[in-house]
2 protein chains.
Amino acid sequence: MPWWASVSSALSYEGSSGVVSGRQSGRPTLEQVAARAGVGRGTVSRVINGSPRVSERTRTAVDRAVAELGYVPNQAARALAGSRTDAIALVIPEAEARLFAEPYFLDLMRGVGAELAEADKQLLLTLVRSERERRRFEQYLAAQRVDGVLLASVHGDDPLPDRVRDLGLPVVMNGRRTEAEPVPYVDSDNIGAGRAAVAHLAGRGRSRVATVTGPLDMYVARARLGGYRAGLAEAGLPPDEALVEAGDFTEEGGRRAMRLLLDRRPDLDAVFAASDVMAAGARGVLREAGRRVPEDVALVGVDDSPVARLMDPPLTSVRQPIEEMGRSMARMLLQDIARAPEEPRRHVLPTELVVRASS
Amino acid sequence: MPWWASVSSALSYEGSSGVVSGRQSGRPTLEQVAARAGVGRGTVSRVINGSPRVSERTRTAVDRAVAELGYVPNQAARALAGSRTDAIALVIPEAEARLFAEPYFLDLMRGVGAELAEADKQLLLTLVRSERERRRFEQYLAAQRVDGVLLASVHGDDPLPDRVRDLGLPVVMNGRRTEAEPVPYVDSDNIGAGRAAVAHLAGRGRSRVATVTGPLDMYVARARLGGYRAGLAEAGLPPDEALVEAGDFTEEGGRRAMRLLLDRRPDLDAVFAASDVMAAGARGVLREAGRRVPEDVALVGVDDSPVARLMDPPLTSVRQPIEEMGRSMARMLLQDIARAPEEPRRHVLPTELVVRASS
DNA sequence: CCAAGGCATGGGAGCGCTCCCACACTAGTC
DNA sequence: GACTAGTGTGGGAGCGCTCCCATGCCTTGG
């Protein structure tokens, strides 16, 4: 609850004309509120910031003056004097935004936004689309415009997380670059996702389960593949490298991988695609090859995106708690901002299999 | 091109240790740059801001000092002294974000972000999900945190655009609330979209073309419906209100509308759905009713979203230049910030029909 | 009854910039 | 040889806050 939520009616009372006149005379300042309430500047500041060292009488008087004047503290002045901006940057690499498309980033933003709004912090969105823009963004951070940084979809060789840390800014990533990630992160259980998918397919009696992986330079792709292998082992199915083919999270990549898999193992009876979009590509190839889904080949994807629901047949998919990841990231970052973290922090959220007609 | 792009190497040269030491001694200030360059504060400020009133010699000296110290101006101080924040708010109503889902808002953000980055402005994203948050956002604006506001997906009765104007802030909307919208906006040619879709269907020999509209309290829905009617007239087809049914831009709404249409006019041979998602719902109902797409009933949507590509059969759809709308909005807003606009401004971008197998 | 401590309070001193006025200094003009 | 009209430059005066120290008052205890 922001301290000024309680006075939010002031502007409304005044209506547009009041605001306009307020504009020409300049917005009210702390000083004016102090004068009106008959107290000093410091006292108003204390009330504004919820300090306990204020008497009840005084607090009431100040609150009334604030409401009467429609006072809202000037953010720039606060930032300058207090050296905190109450703003958080969320960085999304352009390339990924295009790829994952789907509501992934929107859901993430929704979670981050909700959590930040509660803490009365502002969300600053940055789409980074080139090396040049990455450098520009670093300048941004140096200009002390944000209190902390959230990074989405970081690649294995991305230097940005470390650069941000070097600047002394708290940072939390979505996903990790390697198994042993030194930077705080929030991830979903990608290994569990692969295991759940394979367990499901094996449970349906499938024994020749192929997989279309993501690009293997991304941890998320390796983790899902690892889960796939663990799932096979747990189901007592023999591993077979001919049943593994790398995609790149695009529909076309899914098509390509599916063609190779069919060539090598025409007898495969199930496919675990590491994303819904690749599953869509795979389905196209399967259909062209005359295989029925799910009768001949069962299909499972990951993301549980709208695409999965609308596919024909509707796609069984592993859902990630995307919005919750966003919330978790924001919470973690806010804690790190409040006080430097004692230890590297991480949070891995569970995934959930959503069964539909494709398997 | 930001004025400090040319000195962006400074931080890099120093490496992490340099930055860290810079942190404990505090970041360099204008004053320190001035001292180092042997000039006054005002002069450095002039160089920084690209004023022409500086000799070449002085400019060079200052530039070098800036580079040597790795100076980056403090944003809060600039905002306080200069009363401009170099930040723009993009407001997205939560309900719509969920609905349109798809990459609509992501594309819009991409366009806005690209244009703002060029102007060295920062993008502030706000998802507004309740009346309470809307009020909070108004407080935000009052705190003078942004120089202008972009509003996406505004409803017919939304008071926010006028409230923002009352606060004296420049604002540009995406879409409009009515035909005669007083607030500056950027929209796509929704009437043209409807006409193009119907013209296409008529050209394919269809004569009983139905439409599933959006919610008719939204201008965008009325405009597409208007285009549909104009298209019928232009093709010499008789209007028939029994062929018109309102949806709500959701898949379920599309299903419901399609069922009603089939009940009323079992002989319809084409459907223009005002969104891809509704088209997906309609396709489901058509299939359940034993109608083949496109043989029995041709189907056209709007948005050209990934869903359209992945549908079965792939959906013919009218594409909007979403990213370009975002760019246009940003440009318009930046102009209005630079100098108050002489006249209400608007910009309507053309749409384009993408023909696929469903029609 | 007075000292010591605690609490609420006022206000000075910045935070790092932009704005703008004043001051050279140069160059042109009658 | 003044007198204007520029040009480049320095630096004072804020912008509206937060931080913190000093002040005065009210308690409490010896």
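A, B, ... follow the sequence lines: proteins, then strands. Residue 1 opens every chain.
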Does A/Ala119 have any side chain to side chain contact (heavy atoms under 4.5 Å, CB included) partners at least two apart in sequence or in another chain, and if so, which?
A/Lys121, A/Leu334

Using side chain to side chain donor-acceptor pair (under 3.5 Å) as the criterion, list what pairs up with A/Gln144, not counting sequence neighbours.
none

Check side chain to side chain donor-acceptor pair (under 3.5 Å) between B/Asp147 and all other residues, then give those that pass, not counting sequence neighbours.
B/Thr85

When you match A/Ala76 and A/Arg46 each to their closest nucleotide on DNA chain D, which lands nearer the 5' end?
A/Ala76

On a heavy-atom basis, which atom in A/Ser51 and which in A/Arg59 lie closest, and how many Å separate them?
O-NH2, 3.2 Å

Shortest non-hydrogen contact from B/Pro161 to B/Val183?
CB-CG2, 4.2 Å

Contact between A/Met109 and B/Leu106 at the side-chain level, heavy atoms closer than 4.5 Å - yes or no?
yes

Go through residues 36-43 of chain A and report each residue with a non-hydrogen atom lying under 4.0 Å from DNA chain D, sorted by number.
A/Arg41

For A/Asn49 and A/Arg78: C-alpha separation, side-chain torsions, deciding distance, then whether side chain to side chain donor-acceptor pair (under 3.5 Å) applies.
CA-CA 11 Å; A/Asn49 293 294; A/Arg78 295 186 115 182; 2.8 Å; yes

As a check of understanding: the bend across the helix from C/dC1-D/dG30 to C/dC30-D/dG1, end axes from five pairs, rounded to 10 degrees, works out to 50°

First and last nucleotide of DNA chain C, 5' to 3', lying under 4.0 Å from heavy atoms of chain A
C/dA8 to C/dG16

Please find the pair of heavy atoms, one from B/Tyr185 and one from B/Val172, that lie closest to each other, and give the distance.
CA-CG1, 4.2 Å

Taking only N/O atoms, report every protein-nucleotides 23-27 of chain D pair under 3.5 Å with atom names and distance.
none

Any side-chain heavy atom of A/Asn174 sitting closer than 4.5 Å to one from A/Phe105?
no

Check salt bridge (charged side-chain N to carboxylate O under 4.0 Å, His left out) between B/Arg177 and all other residues, then give those that pass, not counting sequence neighbours.
B/Asp162, B/Glu181

I'd like to know if B/Glu131 and B/Arg134 make a salt bridge, using a cut-off of under 4.0 Å between side-chain N and carboxylate O.
yes

d(A/Leu90 CG, A/Leu123 CG) to nearest 0.5 Å is 5.5 Å

Pull out every residue in residues 51-60 of chain A that has a heavy atom closer than 4.0 Å to any atom of DNA chain D, ordered by number, or say none.
none

For B/Glu115, check salt bridge (charged side-chain N to carboxylate O under 4.0 Å, His left out) against everything at least two apart and list the hits.
B/Arg327, B/Arg331

With a 3.5 Å cut-off and sequence neighbours excluded, list the donor-acceptor pairs that the side chains of residues 36-43 of chain B form with protein atoms.
residue, atom, partner, partner atom, Å
B/Arg36, NE, B/Glu68, OE1, 2.7
B/Arg36, NH2, B/Glu68, OE1, 3.0

Which residues pass the side chain to side chain contact (heavy atoms under 4.5 Å, CB included) test with A/Thr60, sequence neighbours left out?
A/Glu56

